[in-house]
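Right, one structure below, let's go through it.
Chain naming here is simple, since letters A, B, ... match the order of the sequence lines and numbering starts at 1 in each.
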Amino acid sequence: MPLGHVPEALRHARAWPYEEAMRLLERIHAERAAGHGKHAARGQEVLFETGYGPSGLPHIGTFGEVARTSWVRRAFASLAPGMRTRLLAFSDDMDGLRKVPDNVPNKEMLAQHLGKPLTSIPDPFGTHESFGHHNNARLRAFLDGFGFAYEFASSTDYYRSGRFDAALCRVLETYDEILAVILPTLGPERRATYSPFLPVCARTGRVMQVPILERKHDAASIVWKDEETGQLVETPVTGGRCKLQWKADWAMRWFALGVDYEMSGKDLIDSVKLSSRICRILGGVPPENLTYELFLDEKGEKISKSKGNGLSVEEWLTYGPPESLALFMYHAPKRAKRLYFDVIPRMTDEYLSHLAKLPGQDEAGRLGNPAWHIHAGDVPRNDSPVTFGVLLNLATVANAEDKAILWGYLNRYAPGTTPAGAPLLDRLMEYAIAYYRDFVKPQKRYRAATPEERVAFEDLIRRLRENKAALGALGVDARAAAVQDLIYDAGRRPPFMQKQKDGTNGVSIEWFNAIYQVLLGEERGPRFGSFVALYGVEETAALIEAALKRPPAADDQGRVSA
RNA sequence: GAGCCCGUAGCUCAGUCGGUAGAGCACGAGACUUUUAAUCUUGGGGUCGUGGGUUCGAUUCCCACCGGGCUCACCA
């Protein structure tokens, strides 16, 4: 195999995008050697494709497919810098609308257009030329938001412009062979009416699923019966007047466009096999395919846009950076993974760890580092001195609903760190706060104060308020120390006071446990003086007052929920 | 029925072209701070699902089987 021009470090890269790219490169060399197929001629572009059914909105699987395909494309480009590559995002916007989606307005209007191509149905949102155009725009905005490099393609445009005409005529020529492949896979009743051609009815505008009564090769047309009028209708297969049924459509597109690489979920394994056979019948070479596993929700069921289970892209991006989502998609595409909220912190920390490792790695190491692929080789610096897990922990114990609180703690830990100097850290804090707010805080269990604790807490409130002005004049560190003294003073009473080894009056750990359990809903917490210094003296007093107003134990654990 | 994936420490999982197993959490012990942890040190714990094959050697590669999950068999 003439791979001699591939750089040494790349040749042994084992990251899966490289393995995929290598497979693709070998295919191209094989075509050249055999003198058959698109790449028998040199200088052909290498075409990557991802496809969408545009009746739904872009979802997390869409992101995954485009991200993964982009990584393979990039790996390929580095293996074969001389070859041009393209990534086509192909929208099946000529498909007939089968049912009215749940998540759109004007459902009655849409119901009147069932069966018509999406691009022939008015936009229920009223913002675009058609429903198909609307969804295409949403798709493009979604992909653009992540900065993907791709070219958009509309099935409707391709059909109507005549770009598929030659391939469609080829389908007509090989009609019998194609039918021989597809019919055995169908149930008896479908088998009776199946046709790869779906004529678009000129009278109603609908995509018709009807038996083909006659094929006219010279006229490149088909004849079918309009059941409503009882008339025979002749429809050319070209110019967008016929569309192809799904599996034939995929095969024809591969053949017509010369698609070299396309991945798909395991639910399409049989479709890939069948479409590949059809593609060969047409005279093409089907693309290299990677079958990826589907994503599962927390119950282990397939995530689908119609069910709306699992996790949406928007939800992920509320609690973790886009890079963490990309890492999730990078890791082991052939392995089924649960896509649920609790993976976000782990992916975020793994991403940070890959990022931190990268500067010290040699080329071979970098090629195996997911962060290298995620950032297409242009990797930012990890400016966070702490892990995301630590930020989450910090947000939890500090009741942080505001970045300023986290920054207060951070500056004591890593002085001189600023949002401007550590933009990644600043972003991570927002995610940590959102995660805390939505997942951790609702789980907090606040215990009601015992009568003894209540006395001590009321004393603490009084001490805080009496010293408010003096405390406010101190710096953060001095204030933290001063507040800590007040806390000890408030706790020096039964049952918390206890003699220490040196004879002075100390305070039992039970007092501090009460503070965490009653005020913060946690078993443990930060040094409370530091917390107060950052959270605010009056705010803390108010926090204690609110805690004391909570009703007493609601269950036998002596706990009530927040 | 066909196909895909998984089976490694109590739990969740890593394991990078084969060299007698690792992390996080949990659990045990210790250090430290005004007996408070976004601290540090340390310990225990695994027939790597089962049985074959290839190999000097297999958690890793191949086959079979067992167990679990999912997908496709109508539409895309």
Side-chain angles (χ1 to χ4, degrees), chain A residues 11-16 18-19 51-56 92 95-99 184-191 194 209 245-247 249-250 264-275 291-297 299-304 306 331-338 342-343 345-346 349-350 353 364-365 367-370 385-398 400 406 409-410 412-414 432 481 484-485 487-489 491-492 496 498 500-502 504-516 522-531:
Chain A
R11 201 180 309 176
H12 301 292
R14 286 184 297 278
W16 70 263
Y18 273 96
E19 289 182 346
Y52 311 90
S55 53
D92 278 318
D95 288 14
L97 180 67
R98 308 203 71 78
K99 58 175 185 182
T185 69
L186 300 175
E189 66 263 33
R190 250 307 159 258
R191 198 176 304 171
Y194 179 84
Q209 196 156 357
Q245 184 273 345
W246 153 243
K247 286 163 193 164
D249 196 36
W250 214 11
S264 48
K266 79 168 180 190
D267 53 332
L268 294 184
I269 288 175
D270 290 337
S271 297
V272 170
K273 281 186 187 163
L274 216 57
S275 293
T291 298
Y292 54 83
E293 265 284 355
L294 303 175
F295 303 112
L296 311 175
D297 65 9
K299 291 183 301 228
E301 287 173 351
K302 173 186 173 181
I303 284 181
S304 71
S306 56
H331 180 70
K334 289 186 176 181
R335 191 177 286 201
K337 292 191 294 290
R338 293 197 178 193
D342 47 15
V343 305
R346 205 173 78 231
D349 263 335
E350 274 185 34
S353 139
L367 295 179
N369 189 322
V386 293
T387 65
F388 188 61
V390 164
L391 285 178
L392 275 181
N393 200 345
L394 186 53
T396 300
V397 297
L406 291 186
Y409 278 93
L410 234 303
R412 300 158 62 88
Y413 176 81
Q484 191 73 12
D485 288 338
I487 294 167
Y488 270 88
D489 290 341
R492 267 188 260 275
F496 307 119
Q498 59 183 29
Q500 301 195 97
K501 295 167 200 162
D502 61 5
T504 58
N505 285 327
V507 175
S508 141
I509 192 173
E510 295 306 321
W511 169 229
F512 293 97
N513 286 342
I515 289 175
Y516 303 128
E522 296 289 322
E523 291 304 312
R524 284 185 263 181
R527 178 176 284 262
F528 204 65
S530 307
F531 172 83

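Going from the C1' atom of B/C40 to that of B/C6 covers 38 Å, rounded to whole Å. Taking atom P on both B/U20 and B/A58, the two are 12 Å apart, rounded to the nearest angstrom. A distance of about 37 Å separates the P atoms of B/A37 and B/A21, rounded to the whole Å. Taking atom C1' in both B/G44 and B/G10, the straight-line distance is 12 Å, to the nearest Å. Nucleotides B/G1 and B/G49 place their P atoms 26 Å apart, quoted to the nearest Å. Across B/U8 and B/U47, the matching P atoms stand 12 Å from one another, rounded to whole Å. Using atom P as the reference point in both B/G57 and B/U39, the two lie 48 Å apart (nearest Å). Rounded to a whole angstrom, the distance from the P atom of B/U55 to that of B/A14 is 32 Å.
In this structure, A/Gly368 and A/Trp246 both approach RNA chain B, and ranking their closest nucleotides by distance from the 5' end singles out A/Gly368.
Under 4.0 angstrom from either OP1 or OP2 of B/A14 there lies at least one side-chain N or O belonging to A/Arg335.
Pairing partner, B/A31: B/U39, with both Watson-Crick or wobble hydrogen-bond distances short of 3.5 Å. Across all strands shown, B/G10 forms a Watson-Crick or G-U wobble pair, both distances under 3.5 Å, with B/C25. When Watson-Crick and G-U wobble pairs are counted only if both distances are under 3.5 Å, B/A64 pairs with B/U50. The nucleotide B/U16 finds no pairing partner, because no Watson-Crick or G-U wobble arrangement with both distances shorter than 3.5 Å includes it.
Going from atom CH2 of A/Trp246 over to atom CG of A/Leu274 covers 11.0 Å, rounded to the nearest 0.5 Å.
You'll find the side chain of A/Asp270 stays beyond 4.5 Å of the side chain of A/Thr185, heavy atoms only. In this structure, A/Phe512 and A/Tyr488 have side chains that are in contact, with non-hydrogen atoms separated by less than 4.5 Å. Side chains of A/Tyr18 and A/Leu367 form a contact here, defined as non-hydrogen atoms less than 4.5 Å apart. Contact check for A/Trp250 versus A/Val272: side-chain heavy atoms found under the 4.5 Å cut-off.
Note on A/Leu268: a base of the nucleic acid sits closer than 4.0 angstrom, heavy atoms only. A/Gln245 comes within 4.0 angstrom of sugar-phosphate atoms only, judged by non-hydrogen atoms across all strands, and of no base. As judged by a 4.0 angstrom heavy-atom cut-off over every strand, A/Thr185 is placed among residues touching the sugar-phosphate backbone only.
Remark: P of B/U34 and CH2 of A/Trp511 are 20 Å apart, rounded to the nearest angstrom. Residue A/Ile269 contributes atom CD1, which lies 8 Å from atom P of B/C5 at whole-angstrom precision. Atom CG in A/Asp349 sits roughly 12 Å away from atom P in B/G24 (whole-Å rounding). The distance from atom NZ of A/Lys266 to atom P of B/C70 is 9 Å, rounded to the nearest whole Å. Between the C1' atom of B/C74 and the CZ atom of A/Arg98 lies a distance of 9 Å, rounded to the nearest Å. Summarising the geometry, the separation between CZ on A/Phe528 and C1' on B/A38 is reported as 16 Å, rounded to the nearest angstrom. Here B/A38 presents its P atom at 13 Å from CG of A/Leu392, a figure rounded to the nearest Å. Atom pair A/Asp92:CG and B/A76:C1' shows a separation of 8 Å (rounding to whole Å applied).
Nearest to the side-chain atoms of A/Asp270 among the listed nucleotides B/C74, B/C72, B/U71 stands B/C72. Of the candidates B/U34, B/U71, B/C74, B/U34 carries the atom nearest the A/Asp485 side chain, counting heavy atoms from C-beta on. The side chain of A/Arg346 lies closest to B/U12, out of B/C5, B/U12, B/U71. Side chain of A/Glu293, nearest nucleotide from B/G69, B/A14, B/A76: B/G69.
No side-chain donor-acceptor contact under 3.5 Å links A/Gln209 and A/Tyr194.
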message: Between A/Glu293 and A/Lys266, is the side chain to side chain contact (heavy atoms under 4.5 Å, CB included) condition met? List the steps.
response: CA-CA 6 Å; A/Glu293 265 284 355; A/Lys266 79 168 180 190; 3.3 Å; yes

